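Note sheet for the following structure.
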Amino acid sequence: MYQAQELIQQALIKALHQLYQITVTQVAVQKTRPEFEGDFTVVTFQFVKAAKKSPDVLAQELGDYLIQHENQIVKFNVIKGYLNLVLNQDFWFSYFSGTQNNQTIGYRSKRSDAHQIMLEYSSPNTNKPLHLGHLRNNLLGYSVAEILKANGHEVIKTNIVNDRGIHICKSMLAWQKFGNGETPASSGMKGDHLVGKYYVAFDKAYKKEIELLVNEGYSKEEAEKKSPLMLECQQMLRDWEDGKEAVVSLWKTMNAWVYEGFDKTYKTLGVDFDKIYYESNTYLLGKEVVEEGLSKKVFYKKENNSIAIDLSSEGLDEKVVLRSDGTSVYITQDLGTAIERFKAYPKLKQLIYTVGNEQDYHFKVLFKILDKLGYDWAKECYHLSYGMVELPEGKMKSREGTVVDADELLQEMFETARATTNELGKVDNFSEEELNKLYSMVSLGALKYFILKVDPKKKMLFDPKESIDFNGHTGPFIQYTHARIQSVLRRANQDIKNNHWPQTLHPLELELIKSIYDFESVVKDAGDTFNPALIANYIYELAKLFNRFYHDCSILKTEDETVKNFRLNLCRTCAQVISNAMHLLGIQVPERM
RNA sequence: GGUCCCAUAGCUCAGCUGGAUAGAGCACAGGUUUUCUAAACCUGCGGCCCUUGGUUCGAAUCCAAGUGGGACUACCA
C-alpha cells in the first residue's frame with residue numbers, strides 16, 4: 001500500500017529538523033482543498049514561532065527542501081502560509097496500477113493479529129413485529145459486522161432473542177381470552193403480526209380495567225396493582241417459570257409463529273446471524289456470579305437481603321444485582337451471559353452490543369461491574385449505541401400504535417421502486433424475476449442508505465408522509481452510478497489493458513484516482529469508530545465525482561486508444577469500489593436499472 | 001435533584017483528532033439529451049454553525065457557563 005501522507009510527513013520531519021532544528025514526531029498532512037492546486041497541504045503556522053520565519057517564507061523554504069529531497073514531490077505553491085504539494089503523476093499511476101482488477105479493493109485480508117469479535121444485534125422481543133427502530137438496529141449491526149470483517153477481523157454475529165417475560169405473557173393471555181383459536185394459517189396474518197395484535201389487545205383491555213377501577217375510587221397506582229388481567233398475567237409468568245405444561249406449550253406455539261414471521265423479515269432485509277441465544281435459556285445465568293462477587297466483596301448484602309454494588313465512587317449509583325427473594329434482575333443475566341460467551345469462545349477478544357442509547361447507563365454499569373469482578377476483557381466490551389428513530393410527532397410507542405411497521409415500510413418501498421422503475425421505462429427486456437429482484441434491490445438500497453448515512457449516535461427523523469427519496473444523496477443514486485458504469489463496460493466489450501497510461505490526466509480523472517485511494521482509510525476509520533455513515537458518505541462523494549466525469553469526458557467515443565483504455569480501467573475500478581462499499585452497508589448493486 | 005447525549009441553510013444531514021471563502025441532498029427558480037443509462041449533469045436562491053465567555057497566530061470544531069430538546073436515573077425487561 002502506498003502511503004502518501006506518511007511519505008510527506010517523514011520528509012517534513014526531516015526538513016524541520018535540518019533547516020530549523022525543530023524536532024517533532026508528527027506533522028498533520030491534509031488533503032488540499034479542490035479549489036487550490038495540489039494533492040496535499042501542510043499548514044505552516046504551527047512552526048512559525050520556533051523557526052523564527054514568516055509563514056510564507058517558511059512554507060517556501062520547506063517546499064524547496066521537499067522538492068530537492070523527495071522525488072515524489074514535483075511542485076508546490078504557497079498561499080497565505082499554506083504549503084500545497086503536488087505529487088508526481090507517476091505516484092498516482094503507480095497506486096492505480098496496484099488496484100487493477102482487485103475485487104477486494106479496500107478490504108484487508110484476514111490478518112495475523114485478527115480479533116475474534118462477537119457482535120450482538122437485533123435482539124427482538126417475541127411479543128410484537130419489528131418496527132422502524134429495529135430496522136436501524138439490524139442494519140447498523142449487520143453493517144458494522146461487515147466493516148469489521150473488511151478490516152480483517154473474524155466476526156460472530158449473534159442475536160439474543162428476548163423470548164420470555166411478562167410482555168410475552170400479555171400476548172399469550174390476550175390470545176387465550178379473545179383469540180378464539182386464531183392462527184396465522186386461519187387468519188392469513190404473518191405470525192409476528194398476529195401475536196402483536198394480541199399484545200395491543202391486552203393493553204387496551206388492561207387500560208379499560210384501570211379506568212373502571214379508578215372510577216370506583218382507587219388511585220391509579222392501586223388500580224394497576226389490582227387489575228385482574230395483570231394479576232392473571234403475573235400468575236401466568238410464574239406458571240411458565242414453574243414449567244406448567246399448558247402455559248409452556250402455548251408459549252412454544254406462539255413463539256414459533258413469531259419466529260416464522262421474523263425469519264421472513266430478516267430474509268427480506270438480508271441480515272443473518274451465526275449464533276442465536278434465547279433468553280429462556282440464559283435468564284437464570286449470573287446467579288453464581290453474584291455469589292462470586294459477594295465473596296470477593298465486590299457486592300454486598302443489604303438489610304433486606306437483596307444484593308447490590310455501590311458504584312458511587314465511579315459517578316454511578318447503587319445497583320441491585322439480585323432481588324431480596326433471590327431472583328434475578330436483568331443485569332444479573334447480562335453478567336452471566338457475557339461471562340458465558342467468553343468461556344464458550346476462548347479466542348474472543350471483543351464483545352459488541354448493538355443497543356439503543358436509552359440503555360447507555362445500563363451498559364456503563366454492566367461493564368463497570370465486570371471490570372470490578374476482575375475480568376480483564378471487560379474493557380473490550382463495547383456498547384454500540386445508536387439514537388432513536390423519531391417521527392415528526394415524537395417518539396414511537398408500540399403500545400400506542402404510533403410505530404412504523406417494518407414489513408409495511410418494506411412493502412411500501414418495494415411498490416415505490418416498482419412505480420419509479422416502470423415510469424422510467426428502461427427495463428423492458430427484464431424478466432418478471434429480474435424485475436422483482438431489481439425492485440427489491442432498489443427499495444432496500446434506498447431504505448438502508450437512508451438509515452445508515454446518518455451518524456449512528458444521533459437520533460434521526462423519519463417522516464412517513466414523505467416517502468424515502470430515490471434521487472440525490474440516496475442509495476439508488478449510487479446504485480444507478482454502478483449500473484451506468486456496467487453499461488459502459490458492456491458496450492466497450494474489450495479487454496482492458498493494464499499499465500497503459502495517458503500523458504496527462506483530466507482533472508476529474510485525477511480526482512477519481514485520489515478518491516479511490518481514500519477508500520482503504522475510510523474503511524479503517526469506519527471500523528475503528530463502528531460507523532457505517534463514513535462509508536455511506538464517502539461512496540456518495542465518489543459516485544458524484546464519477547457522474548461529473550461521465551458527463552464531462554466521453555469514454556467509448558475517445559479516439560486515443562490509450563486514453564480510452566485508461567478510462568475504461570477507471571470505470572471498472574470505480575464500479576468495484578462502489579460495489580465493495582455498498583456491500584459494507586448491506587446494499588446490493590445492480591448491473592442494469 | 002443527578003448523569004449522559006444532541007443543537008450547522010426552510011427541511012434532512014455532512015464537516016468536529018483546531019487551519020484557507022462552512023458543504024451536500026431535498027424544496028424553490030432556471031438550463032443541459034441527433035452522442036457511452038437524464039434515478040444524471042450545470043446555474044441560481046438560501047447560514048449571528050443556539051448564546052456568552054475562555055484557550056490559540058487561528059474555533060462550527062477544544063474548555064467553561066447558560067438556553068433549548070431528548071434519554072437515563074426500578075428488587076421492569
Side-chain angles (χ1 to χ4, degrees), chain A residues 28 30 32-33 35-36 41-46 48-49 55 79-82 84 125 162 164-168 279 283 302 304-308 315-317 319-334 356-362 364-365 385 387-388 390 392 394-395 417 420-421 423-424 426 442 446 450 453-455 457-463 466 469-481 483-492 533-534 536-538 540-541 543-544 546-558 567-568 571 592-593:
Chain A
Q30 49 194 291
T32 302
R33 300 178 61 138
E35 60 265 37
F36 302 102
T41 295
V42 181
V43 183
T44 58
F45 299 104
Q46 45 191 323
V48 163
K49 231 182 221 168
I79 299 166
K80 292 197 291 184
Y82 291 84
N84 300 321
N125 290 345
N162 190 353
R164 49 140 255 127
I166 195 82
H167 50 285
I168 285 111
E279 282 200 8
Y283 81 105
K302 297 190 8 172
N304 61 9
N305 266 337
S306 65
I307 297 173
L316 305 168
D317 294 324
K319 176 77 191 173
V320 169
V321 294
L322 203 66
R323 291 193 191 104
S324 45
D325 64 3
T327 58
S328 302
V329 289
Y330 195 73
I331 204 158
T332 322
Q333 164 188 174
D334 265 358
N357 66 5
E358 75 268 25
Q359 304 224 30
D360 284 355
Y361 181 79
H362 172 81
K364 235 185 232 176
V365 170
S385 165
M388 297 290 100
E390 288 182 7
K395 211 183 155 182
T420 309
T421 305
E423 208 173 292
L424 291 168
K426 299 181 194 172
V442 171
F450 177 83
K453 77 171 173 183
V454 181
D455 187 331
K457 71 167 185 279
K458 294 197 180 180
K459 67 165 191 257
M460 63 179 294
L461 192 92
F462 177 82
D463 190 345
E466 288 177 39
D469 234 305
F470 285 40
N471 299 320
H473 188 181
T474 65
F477 169 85
I478 298 159
Q479 291 172 316
Y480 171 73
T481 308
R484 229 180 182 189
I485 296 173
Q486 293 306 331
S487 168
V488 173
L489 294 176
R490 269 194 308 274
R491 280 171 187 274
L534 297 181
N537 288 304
Y538 160 80
Y540 171 64
E541 293 299 329
K544 209 164 51 154
F546 181 87
N547 279 310
R548 276 223 307 277
F549 161 74
Y550 181 92
H551 182 265
D552 289 5
C553 305
S554 68
I555 300 161
L556 297 174
K557 299 258 156 63
T558 308
R567 288 185 175 168
L568 285 169
C571 283
R592 291 189 292 160
M593 70 183 272

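Naming: A, B, ... by sequence-line order, numbering from 1 per chain. Bear in mind that the values here come from a model prediction, so they are computed numbers and not experimental data.
- Across all non-hydrogen atoms, the minimal contact from Pro476(A) to Met593(A) is O-CE, 3.9 Å.
- Distance CD1 (Ile331(A)) to P (rA74(B)): 12 Å, rounded to an integer number of Å.
- One can place CD1 of Ile478(A) at 14 Å from C1' of rA40(B), the figure rounded to the nearest angstrom.
- Scanning for side chain to side chain contact (heavy atoms under 4.5 Å, CB included) contacts around Val329(A) gives Arg323(A), Ile331(A), Thr332(A), with sequence neighbours left out.
- Look at the P atom in both rG30(B) and rU67(B): the space between them is 47 Å, to the nearest Å.
- To the nearest angstrom, P of rA38(B) lies 9 Å from CG of Asn547(A).
- Using a 3.5 Å distance cut-off with no hydrogens or angles, the side chains of Asp360(A) and Ser385(A) do pair a donor with an acceptor.
- Across the P atoms, rC50(B) and rG31(B) are found 37 Å apart, a figure rounded to whole Å.
- Considering all non-hydrogen atoms of both residues, Leu568(A) and Ala492(A) come closest at CD2-CB, 3.6 Å.
- Comparing the C1' positions of rG23(B) and rU37(B) gives a spacing of 28 Å, expressed to the nearest Å.
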Tabulate protein N/O versus nucleotide N/O from nucleotides 17-20 of chain B, keeping only pairs under 3.5 Å, one per line.
{"residue": "rG19(B)", "atom": "O2'", "partner": "Tyr82(A)", "partner atom": "OH", "Å": "2.6"}
{"residue": "rA20(B)", "atom": "OP2", "partner": "Arg33(A)", "partner atom": "NH1", "Å": "2.8"}
{"residue": "rA20(B)", "atom": "O4'", "partner": "Tyr82(A)", "partner atom": "OH", "Å": "3.2"}
{"residue": "rA20(B)", "atom": "N6", "partner": "Thr41(A)", "partner atom": "OG1", "Å": "3.0"}
{"residue": "rA20(B)", "atom": "N6", "partner": "Asn84(A)", "partner atom": "OD1", "Å": "3.0"}
{"residue": "rA20(B)", "atom": "N1", "partner": "Asn84(A)", "partner atom": "OD1", "Å": "3.4"}
{"residue": "rA20(B)", "atom": "N1", "partner": "Asn84(A)", "partner atom": "ND2", "Å": "3.4"}

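- The gap from the C1' atom of rG46(B) to that of rG25(B) amounts to 14 Å, rounded to the nearest Å.
- Regarding Ile307(A), its CD1 atom lies at a distance of 17 Å from the C1' atom of rA74(B), rounded to whole Å.
- Contact annotation for Tyr330(A): base contact, defined as any heavy-atom pair under 4.0 Å involving a base atom.
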- [ ] Before giving the answer on side chain to side chain contact (heavy atoms under 4.5 Å, CB included), spell out for Val488(A) and Arg567(A) the whole-Å C-alpha distance, their side-chain angles and the decisive distance to 0.1 Å.
- [x] CA-CA 10 Å; Val488(A) 173; Arg567(A) 288 185 175 168; over 6 Å; no
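- When heavy atoms are screened at a 4.0 angstrom cut-off, Thr421(A) is found touching base atoms of the nucleic acid.
- Annotation for Ile555(A) and Cys571(A): closest pair CD1-SG, 3.6 Å, computed over non-hydrogen atoms.
- Comparing the same atom, P, in rA60(B) and in rU17(B) gives a spacing of 13 Å after rounding to whole Å.
- Between Phe470(A) and Arg164(A), the residue whose closest nucleotide on RNA chain B is further toward the 5' end is Phe470(A).
- Taking the C1' atom of each, rC48(B) and rA9(B) are spaced 13 Å apart, rounded to whole Å.
- Within a 6.0 Å sphere centred on CD of Glu35(A), heavy atoms belonging to other residues, nucleotides or ligands number more than 12.
- Tyr361(A) and Asp317(A) make their closest contact through OH-N, 3.2 Å (heavy atoms, listed as atom of the first residue, atom of the second, distance).
- One atom, CD of Gln359(A), and another, P of rC5(B), lie 17 Å apart when rounded to the nearest Å.
- When the C1' atom is used for both rG47(B) and rC11(B), the distance is 14 Å, rounded to whole Å.
- A straight line from NZ of Lys49(A) to C1' of rG58(B) spans 12 Å, rounded to a whole angstrom.
- In this structure, Lys319(A) has no salt bridge (charged side-chain N to carboxylate O under 4.0 Å, His left out) partners at least two apart in sequence or on a different chain.
- Proximity note for Ala483(A) (side chain, C-beta onward) versus rC4(B), rA71(B), rU37(B): the nearest is rU37(B).
- Rounding to whole angstrom units, CE of residue Met388(A) and C1' of rC72(B) are separated by 11 Å.
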TODO: Please step through ring pair (Phe, Tyr, Trp, His ring centres under 6.0 Å) for the pair Phe549(A) and Phe546(A), ending with a clear verdict.
DONE: CA-CA 5 Å; Phe549(A) 161 74; Phe546(A) 181 87; 5.6 Å; yes
Open item on the list: Dot-bracket for RNA chain B, please. Rules: Watson-Crick or G-U, both distances under 3.5 Å, ( ) within the strand, [ ] when a pair crosses earlier ones, | for another strand, . otherwise.
Closed with: (((((((..((((.....[...)))).(((((.......))))).....(((((..]....))))))))))))....
Please enumerate all protein N or O atoms sitting under 3.5 Å from an N or O of nucleotides 29-36 of chain B, with distances to 0.1 Å.
{"residue": "rU35(B)", "atom": "O2'", "partner": "Lys557(A)", "partner atom": "NZ", "Å": "2.1"}
{"residue": "rC36(B)", "atom": "O3'", "partner": "Arg491(A)", "partner atom": "NE", "Å": "3.2"}
{"residue": "rC36(B)", "atom": "O2", "partner": "Ile555(A)", "partner atom": "N", "Å": "3.3"}
{"residue": "rC36(B)", "atom": "O2", "partner": "Leu556(A)", "partner atom": "N", "Å": "2.9"}
{"residue": "rC36(B)", "atom": "N3", "partner": "Ile555(A)", "partner atom": "N", "Å": "3.1"}
{"residue": "rC36(B)", "atom": "N4", "partner": "Tyr550(A)", "partner atom": "O", "Å": "2.5"}
{"residue": "rC36(B)", "atom": "N4", "partner": "Cys553(A)", "partner atom": "O", "Å": "2.9"}

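- Using modelled atom types, one side-chain atom of Thr44(A) and one backbone atom of Gly81(A) make a donor-acceptor pair closer than 3.5 Å.
- In this entry the distance linking CE of Met593(A) with C1' of rU37(B) reads 10 Å, nearest Å.
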- [ ] Check the pair His473(A), Asn537(A) against side chain to side chain contact (heavy atoms under 4.5 Å, CB included), reporting the backbone distance first and the verdict last.
- [x] CA-CA 9 Å; His473(A) 188 181; Asn537(A) 288 304; 3.3 Å; yes
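- Going from the C1' atom of rG10(B) to that of rC63(B) covers 33 Å, rounded to whole Å.
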Can you tabulate the close N/O pairs, meaning under 3.5 Å, that link protein atoms to atoms of nucleotides 7-15 of chain B?
{"residue": "rA7(B)", "atom": "OP1", "partner": "Lys458(A)", "partner atom": "NZ", "Å": "3.0"}
{"residue": "rC13(B)", "atom": "OP1", "partner": "Leu461(A)", "partner atom": "N", "Å": "2.8"}
{"residue": "rA14(B)", "atom": "OP1", "partner": "Asp455(A)", "partner atom": "N", "Å": "2.6"}
{"residue": "rA14(B)", "atom": "OP2", "partner": "Lys458(A)", "partner atom": "NZ", "Å": "3.2"}

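- Phosphate proximity of rA40(B) to Asn471(A): present, with a side-chain N or O under 4.0 Å from OP1 or OP2.
- No donor-acceptor pair under 3.5 Å is formed between the side chain of Lys364(A) and the backbone N or O of Leu316(A).
- Side-chain polar atoms of Tyr330(A) and Glu279(A) form a donor-acceptor pair below 3.5 angstrom.
- The residue among Asp360(A) and Arg323(A) whose nearest nucleotide of RNA chain B is located toward the 5' end is Asp360(A).
- Not one N or O on the side chain of Ser487(A) forms a donor-acceptor pair closer than 3.5 Å with the backbone of Ala483(A).
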